[in-house]
There are 2 protein chains.
Amino acid sequence: MERSKGPHAPTIRGVAERAGVSKSLVSLVLQGSPRVSDAKRQAVLEAIEELGYRPNAAARSLVARRTHTVGVLLDDLRNPWFVELLDGLNSVLCAHGLRMLMADSRLGRRTGEDVARTFLELRVDGVVAVGTLPDADTAALAELAERLPTVVAGSHDPRLPGVDTVANDDERGARLATEHLIGLGHRRIAHIAGPGGVGELRRRGYETTMREHGLGGELTVEPGDGTEEGGYRAAVRMLGGRPAAAPERPTAVFAFNDFSAVGALSAARELGLEVPRDLSLVGCDNTYLARIRHLWLTTVDNASHDVGRRAAQRLLDRMEHPARPAGHGLAAPSLEVRGSTAPPPG
Amino acid sequence: MERSKGPHAPTIRGVAERAGVSKSLVSLVLQGSPRVSDAKRQAVLEAIEELGYRPNAAARSLVARRTHTVGVLLDDLRNPWFVELLDGLNSVLCAHGLRMLMADSRLGRRTGEDVARTFLELRVDGVVAVGTLPDADTAALAELAERLPTVVAGSHDPRLPGVDTVANDDERGARLATEHLIGLGHRRIAHIAGPGGVGELRRRGYETTMREHGLGGELTVEPGDGTEEGGYRAAVRMLGGRPAAAPERPTAVFAFNDFSAVGALSAARELGLEVPRDLSLVGCDNTYLARIRHLWLTTVDNASHDVGRRAAQRLLDRMEHPARPAGHGLAAPSLEVRGSTAPPPG
DNA sequence: TGTGGGTGTTGGAACGGTCCAATGCCTCGT
DNA sequence: ACGAGGCATTGGACCGTTCCAACACCCACA
């Protein structure tokens, strides 16, 4: 761990010496204080430029007790809808001079690193947990929430005291999808379910809508796990082993997410069903998978960018008023109609 | 004496007081020094537990002159192959007690320089730039590289003095793909090109291999931009307007990446060509797109995980020996044969 | 001519750790 | 019996910044 003996990074003292002023004055210039004479300000700025001085964030945050950094806890970077949400988060946080420290709890777990501990040691100003976290991390999040302003984005749980949540209205999104299919004339509409609280909400939205339209007798729910493989298997169970024209076969499927829907798409093709002629298919999340023209899925857009922006707002709010009771926001989803839905055959 | 502004986070002094020892001893315990009596160690650990003490990373790094943090500069989080690479990076860095601070230079677009400034102010111990950066950021990277250990991962340029690079061997990957197609019996093999230095290398690999097999006369290169849309258009230009059985129509296409390949897939279907019966298709990057059974692309796996691991190794190396001349590593790609390639028709 | 208030500038005390030299104590060899 | 040496423990200097109280200085005013 030997350090090169070369000159260390210049400090405020070095700048002061070079400009022929005290370090306090340099500090004032850095903070844009108006009570500095133009001559000295100029001298200081020149010295900074010449030395290539950069303030040391660690020293600064040590005395200021603020790091201007927000910890972002991700479940899995591989999930494409995260990116939209992060973009929304970032735009608002950036505008308020905060930076994001991202940690993928899945990447971290492999090496046994405790992400929560890292955030605490770094004294981040707040934490945003994105998506549904594995149960193991819920305890860690609870511990974080006791000490730091914390917001959950893109998921409704865990509902912890003092933790705001901002999510898309999953139940309403499921309703939009189901109503779209009913509007096209479908009656035998099945659902491929997904895991977690989000999965439950989407299933409930589907079931409620079906019942409201007098289709309670047509309810079909196959469990899935939110992966393409899971969607494929669920679809095979649902559609396979029956002749294509069997009267009880579903004519439409609403899947938990785009991955599941794409799995179902493959299953349909293998079973000789053409989408959307023989089978309509709706996904969820409007990931770029759904935008691929070879797939071109009708899907529910759940306004992730907006969720991210609102989560950031909540966090800023909570940083200013730590004691305020937790709020729970919902963003309005919309339906993105593409090529995987059509009226039922016949 | 004491600020009565509320309960600040406990410090090492608070722990010391509670355990009835000096702050120095607490520090020794925290560092796992063997020269501490069991009794006092126990007392200190209990005090830490009771107070919920966490060391302050800022204070620590202030004196240690190390932050144990590596800045990761991303071009675009949306690009799925990044994730594999990050995973590889993370595994090695974590194992050496370093954490990653990720910054998407596109998210903070207005400020390519700003990301660099942030990294400098935070005094990160090193920087990893992932992928091909936009030109605007190259200057910022050069400035960073002058002051910090810097490694470029997943791209061959920019080649800056003192900057190591680790990338996959793009030329060799293209060679693997082309040879696979030639081995199946194809002769009229076209290429959909991509942007940047990587695009050039892959094109060169394709061209060289074709010539080596006496197929220099069959070279066909259509420009693309690495997107699905670009791949689609290139394929339409290449295949459209000719009867399916035209003797000069390519029987196989090697695309710059999986996105382009998927675009080409859609174009083929629209033109009534069945893949792989009428047209073979090879992508590149082995993203999870290629793994979707509905697409099931033969593709080049460019060992991103390995690239990430090796980039981390380089960085660790450079952090210890800052003056060592820059090295340029290549990871060996492999071919992942799936369902989009077959012998040519007839 | 003294008083008072603003204005520009400064030294020094934090902030929360690490590290080093110095301390006191205990054991051991001679 | 006594100094040497090892060991556990401690105070204090330091890292690079911000902030505050104190300081000269100048000008207006009584």
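All values derive from a computational prediction rather than experimental measurement. Throughout, a chain's letter reflects where its sequence line sits, starting with A, and its residues are numbered from 1.
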Of A:Arg99, A:Met319, A:Arg65, the residue whose pairing with A:Asp125 passes side chain to side chain contact (heavy atoms under 4.5 Å, CB included) | A:Met319
Quick one: which of B:Leu45, B:Val21, B:Val29, B:Val26 gives a side chain to side chain contact (heavy atoms under 4.5 Å, CB included) with B:Lys40?
-> B:Val21
By nearest atom, which of the nucleotides [options] is closest to the [X] side chain?
X       : options                : result
A:Ser24 : C:dG17, D:dT17, D:dC19 : D:dC19
A:Ser37 : C:dG8, C:dC15, C:dT18  : C:dG8
B:Leu28 : C:dG17, D:dT9, D:dG16  : D:dT9
B:Arg65 : D:dT18, C:dC15, D:dC15 : D:dC15
B:Ile12 : C:dG17, C:dC15, D:dT18 : C:dG17
B:Lys23 : D:dT17, D:dT10, C:dT18 : C:dT18
B:Val36 : D:dG16, D:dT9, C:dT9   : D:dT9
B:Leu25 : D:dC15, D:dT10, D:dT17 : D:dT10
B:Ser22 : C:dT9, D:dT10, D:dT18  : D:dT10

Protein-nucleotide distance ([X], atom [atom1]; [N], atom [atom2]), rounded to Å:
X        : N      : atom1 : atom2 : result
B:Leu62  : C:dC19 : CG    : C1'   : 14 Å
B:Arg123 : C:dG17 : CZ    : C1'   : 18 Å
B:Asn56  : C:dA14 : CG    : P     : 18 Å
B:Arg35  : D:dT10 : CZ    : P     : 15 Å
B:Leu51  : C:dG16 : CG    : C1'   : 15 Å
B:Arg60  : C:dG17 : CZ    : P     : 8 Å
A:Arg66  : C:dC15 : CZ    : P     : 19 Å
A:Leu122 : C:dG16 : CG    : P     : 16 Å

Most 5' of A:Ser27 and B:Val63 on DNA chain D, judged by nearest nucleotide = B:Val63
Under the 3.5 angstrom rule, does the side chain of B:Glu320 hit a backbone N or O of B:Leu316 as a donor-acceptor pair?
-> no
Indicate whether any N or O donor in one side chain lies under 3.5 Å from an N or O acceptor in the other, for A:His328 and A:Thr165.
-> yes
Any side-chain donor-acceptor pair under 3.5 Å between B:Arg60 and B:His68?
-> no
Would you say B:Gln31 reaches C:dC19's phosphate, i.e. side-chain N/O to OP1/OP2 under 4.0 Å?
-> yes
